[in-house]
Structure formats: C-alpha cells, structure tokens
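For reference, the structure is listed below as structure tokens.
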Amino acid sequence: MKRIAFFALLFGIIMATVAYIIETNDLPGAVPMRTFGFIGYIFIISAIAWFSLQQLYQWSKEVDPGNS
C-alpha cells in the first residue's frame with residue numbers, strides 16, 4: 001500500500017503541475033485539463049492522508065499502554 005500511495009502522490013503532482021502549466025499559458029485544451037488537475041489534487045490529498053494515518057498508527061503502537 002505504501003508503494004501505491006507513493007505513486008498516487010507522484011502522479012497527482014504531475015497531473016496538477018501539467019494542468020497548471022496548460023492553464024497559465026492559455027494552451028489549447030485548458031478547460032478539460034482542469035478536471036485532470038482536480039483529480040491530481042485528490043490523489044495528492046489522499047496519499048498524504050494515508051501517510052499521515054500510517055504515521056499515527058506507528059506512534060500509537062509505540063505508546064506504553066500501562067502509563068495512560
């Protein structure tokens with residue numbers, strides 16, 4: 001799952017960057033690329049959320065349950 005989240009993060013960054021470049025330079029196809037940019041943002045947010053949840057899970061395993 002870590003590999004999938006990492007590739008989703010990279011692919012999302014690439015999609016959002018390409019959509020941004022096309023939009024700012026007024027290249028043809030800018031309107032449909034907004035959708036791909038939005039999907040890229042969703043990939044980025046989802047991957048960061050997964051990595052954050054994994055980190056919280058690791059931290060919760062390290063806590064000593066007897067000292068709560």
Side-chain angles (χ1 to χ4, degrees):
M1 187 66 186
K2 184 187 266 188
R3 185 178 295 170
I4 293 171
F6 182 70
F7 283 126
L9 179 66
L10 289 179
F11 192 60
I13 291 170
I14 291 169
M15 288 176 67
T17 304
V18 168
Y20 175 76
I21 291 170
I22 289 174
E23 182 72 29
T24 56
N25 292 324
D26 291 328
L27 296 174
V31 175
M33 282 304 291
R34 288 182 193 155
T35 304
F36 291 109
F38 182 71
I39 293 169
Y41 291 140
I42 291 173
F43 282 167
I44 294 168
I45 292 168
S46 299
I48 290 173
W50 187 85
F51 285 124
S52 298
L53 286 173
Q54 281 300 111
Q55 187 64 40
L56 288 172
Y57 178 71
Q58 290 296 324
W59 286 345
S60 71
K61 288 174 67 175
E62 294 172 4
V63 173
D64 185 17
N67 292 333
S68 38

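Numbering starts at 1 and runs along the sequence shown. Please read these numbers as outputs of a predicted model, since none were measured by experiment.
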Please report, to 0.1 Å, the donor-acceptor pairs under 3.5 Å made by any side chain of residues 36-56, with sequence neighbours excluded.
| residue | atom | partner | partner atom | Å |
| --- | --- | --- | --- | --- |
| Ser46 | OG | Ile42 | O | 2.8 |
| Ser52 | OG | Ile48 | O | 2.9 |

ask   = Nearest 0.5 Å, what's the CG-CD1 distance between Leu9 and Ile13?
value = 4.0 Å
Output side-chain donor-acceptor pairs under 3.5 Å for residues 18-33, partner residues at least two apart or in another chain, one line each.
| residue | atom | partner | partner atom | Å |
| --- | --- | --- | --- | --- |
| Glu23 | OE1 | Arg34 | NE | 3.3 |
| Glu23 | OE2 | Arg34 | NH2 | 3.2 |
| Thr24 | OG1 | Tyr20 | O | 3.0 |
| Thr24 | OG1 | Ile21 | O | 3.2 |
| Asn25 | ND2 | Ile21 | O | 3.2 |

request  = Determine which pairs satisfy side chain to side chain donor-acceptor pair (under 3.5 Å) with at least one residue from residues 6-19, sequence neighbours left out, and list them in order.
outcome  = none
